[in-house]
Amino acid sequence: MSHGPSAAGGSLVAAPADHAHEPHVPVFTGARRQELDMILGRYPTKMAALLPALWILQEERGWVSEGGMAEVAGVLGLTPAYVKGVVTFYTMYHQHPVGKYFVQVCTTTPCNVCGAEDVVKAFLQHTRCGELGLTSPDGRFTVIEVECLGACGFATPVMINSDFLESVTADTVPDVLAELR
Amino acid sequence: MGYPHKPHARESVVLSEHFGSAEARTLAGWRKRGGYQALEKALGMAPADIVSVVKDSGLRGRGGAGFPTGLKWSYMKPGDGKPHYLCCNADESEPGTFKDREIMRWTPHALVEGCALGAYAIGAETAYVYIRGEFTEPLQQMNAAVQEAYASGILGANAMGTGKRLDVHVHKGAGAYICGEETALMNSLEGKRGNPRIKPPFPAVSGVFGMPTTINNVETLVAAVEVVKRGAAWYKGFGRPDNPKSTGTKLYSVCGNVARPGNYEVPMGFPFRDFLHELCGGPLPGRKFKAVIPGGASVPIQTMEEAEATLMDYEGFVAGGTMLGSGGVIVFDDQQNMVKQIARLARFFAHESCAQCTQCREGTAWTTKIMERIRDGHGTYEDLDTLLDIGEQMTGKTICVLSDSCAVPVASGIRKFRHEFEALIPKKQGTAFVAAAVA
Ligand SMILES: Cc1cc2nc3c(=O)[nH]c(=O)nc-3n(C[C@H](O)[C@H](O)[C@H](O)COP(=O)(O)O)c2cc1C
Ligand code: SF4
Ligand code: FES
């Protein structure tokens, strides 16, 4: 049973800013290039580094743009179309810029029976997003529902960017958001 | 970050013994607790002898299917001149299941050890741990443990000074329940869309990168460490004497409407009634248990009467009309509407279908549509028959069993909680339909 604080895990990390613009600096240079080379050493094929390379891209840019996909395709010897086909299969790569804080609330059955829908409503209200998937007028928040986060005993788990919060209730949502301001 | 509960007196903590101890996460702390003794022992044995011990122990896969682990390992033919691979399935996305997460959060070295040991036993030099992308903390813990293991020479070109090569690599998923299916996981690892593959060929013949591969769940691999360390006879000592087919301890995740949710480890054959009422603390104050899904969202729903008469092992759950599955126990109380919750499960499966197979792609979407229509008060009696019909069309006809899994809660729900469905169907429409059918 969880007695942990609801929003533990230290300070919340903001996603990299300025993701509306296509940067001019290539992603895979310097330390990031070295990181990719190390990853490539772990697999017998270059293609196997695709998911890790896309993670590096998203960490750097905040989202996975067409231009970014082309860069990944270039370093791994794949076509941009192939990369896009893979990107669209997975839910965690953002194909559009998202709010500075990307909020994912689990509403699958185990969390649902513990009141997860009220947690979603509270987030939509307090962030002023209004609707799922829309970014708040101040550009700070995007709230979505997500399927089982694998933490069902700590209902309701919420991911904000890469921070994983547990046992969030509708009542604690304002406190969670206050930590972000 | 949630902390685990103190073990209940009736738990048999083997895998979860060190949950909650920050020190056990470090290499030094893990060694102090007997860590890496099993690997050292294993590296001094012939791989075939390790496989024999695991076979003898009766250990079965903890990822959902319950396939005997030693037998699976024995399919890997040594000396075939090909690279072999071990994949550890840490995609844990089955609703209700969060045990592998806790293993990786609290005892990451146990899994590193399990991966190295398993790899050696199947003639592999490389193990990949495929961890779902949402598991930020388990990823962090596992990466740190792997790094420590390399730095101290446990892994690498000269693993534990034996001259043998053993590599363990952490691979981060990117959001897709289906990547927990073993062949989808291999595709995803290869940098492809996570579509399940048609079998045969089976992974032991042609798995990841086209090479012989074994896939094991996190809990299976950490249990194998204990088996090698303490012996098959010791492991077989857990379980009911009249059922040698289920041995050892099992880590169950408990969630939903229950007083003390969390992970509990009990021996095979433990009475489900005591588990729910004593260990998990029974229902929330003022409420009553109504139903339980004992093995993750893909197994049949039990009524409380059925559950309370069940013994918790592979055969016991089958006798109770359901399956042990992944050990994700989802509890529903009298405040829940089963139609609403089954509709939500259907939506989950529709969302997670990889859409390769028509029966699954169309069936999960159609089932969801009808379930939500009934939930919203616009259903008909005919809808119930249609749901059962679609379910049959979705079962046993697709590349993987996600399709079957969607049909399971719907069929068992209609069978066992029909009154809740009927209560939502407008009476006028119902009688009109009956009248029309009679006329
Ligand atoms: C749709 C689907 C999802 C699955 N998800 C998981 C999972 O998240 N983790 C897991 O260990 N096994 C999962 N499995 C089972 C695996 O395919 C496989 O049987 C298992 O990892 C084998 O390991 P074991 O023999 O140690 O249990 C899933 C199966 C299906 C059909
Ligand atoms: S059954 Fe569903 S999830 Fe499985 S391969 Fe077919 S479409 Fe994909
Ligand atoms: S259902 Fe919400 S974390 Fe599993």
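Numbered from 1 within each chain, the chains take letters A, B, ... in sequence-line order.
- B/Gln341 touches chain A through backbone and side chain together, each having a heavy atom under 4.5 Å away.
- No side-chain donor-acceptor contact under 3.5 Å links A/Tyr43 and B/His169.
- Figure legend: B/Arg101 and A/Phe164 shown as a cation-pi pair, the cationic atom lying under 6.0 angstrom from the six-membered ring centre and within 45 degrees of its axis.
- Put simply, the side chain of A/Pro44 reaches to within 4.5 Å of the side chain of B/Tyr85, judged on heavy atoms.
- Using a 4.5 Å cut-off between heavy atoms, B/Val329 makes no contact with chain A at all.
- Residue B/Lys99 does not touch chain A at all, counting heavy-atom pairs closer than 4.5 Å.
- A pairwise comparison of heavy atoms in B/Gly256 and A/Cys114 identifies O-SG, 3.6 Å as the closest pair.
- Between A/Glu166 and B/Arg105, at least one side-chain N (NZ, or NE/NH1/NH2) sits under 4.0 Å from a carboxylate O, which counts as a salt bridge.
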**Request:** May I have the step-by-step check of side chain to side chain contact (heavy atoms under 4.5 Å, CB included) for A/Phe89 and B/Cys354, ending in yes or no?
**Result:** CA-CA 8 Å; A/Phe89 187 85; B/Cys354 85; 4.1 Å; yes

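- Of the N and O atoms on the side chains of A/Thr88 and B/Arg193, at least one donor lies less than 3.5 Å from an acceptor on the other residue.
- Counting heavy atoms from C-beta on, the side chains of A/Leu51 and B/Lys172 never come closer than 4.5 Å.
- Within the 4.5 Å cutoff, the side chain of A/Pro52 has heavy atoms near those of the B/His171 side chain.
- Surrounding CZ of B/Arg132 are more than 12 heavy atoms belonging to other residues, nucleotides or ligands, all under 6.0 Å away.
- Judged by distance alone, the side chains of A/Tyr90 and B/Ser188 do bring a donor and an acceptor atom under 3.5 Å apart.
- Counting heavy-atom neighbours within 6.0 Å of A/Arg33 CZ, excluding the residue itself, gives a total above 12.
- Between the side chain of B/Asn257 and the main chain of A/Val113, a donor-acceptor pair closer than 3.5 Å is present.
- Taking 4.5 Å as the limit, every side-chain heavy atom of B/Pro95 sits out of range of all side-chain heavy atoms of A/Thr109.
- Formation of a donor-acceptor pair under 3.5 Å by the B/Tyr128 side chain with backbone atoms of A/Arg42 is found in this model.
- Only the side chain of B/Ile178 comes within less than 4.5 Å of a heavy atom of chain A; its backbone N, CA, C and O stay farther away.
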Check step by step if salt bridge (charged side-chain N to carboxylate O under 4.0 Å, His left out) holds for A/Glu147 and B/Arg344.
CA-CA 10 Å; A/Glu147 298 295 348; B/Arg344 186 63 188 81; 3.2 Å; yes

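- For the pair A/Leu149 and B/Phe135, the tightest heavy-atom approach, listed with the atom from each and the gap, is O-CE2, 3.3 Å.
- Side-chain atoms of A/Trp55 do not come within 3.5 Å of backbone N or O of B/Gly133 as any donor-acceptor pair.
- Contact check for B/Lys340 versus A/Asn112: side-chain heavy atoms found under the 4.5 Å cut-off.
- Neither the backbone nor the side chain of B/Asp100 comes within contact range of chain A; no heavy atom of the residue lies under 4.5 Å from a heavy atom of that chain.
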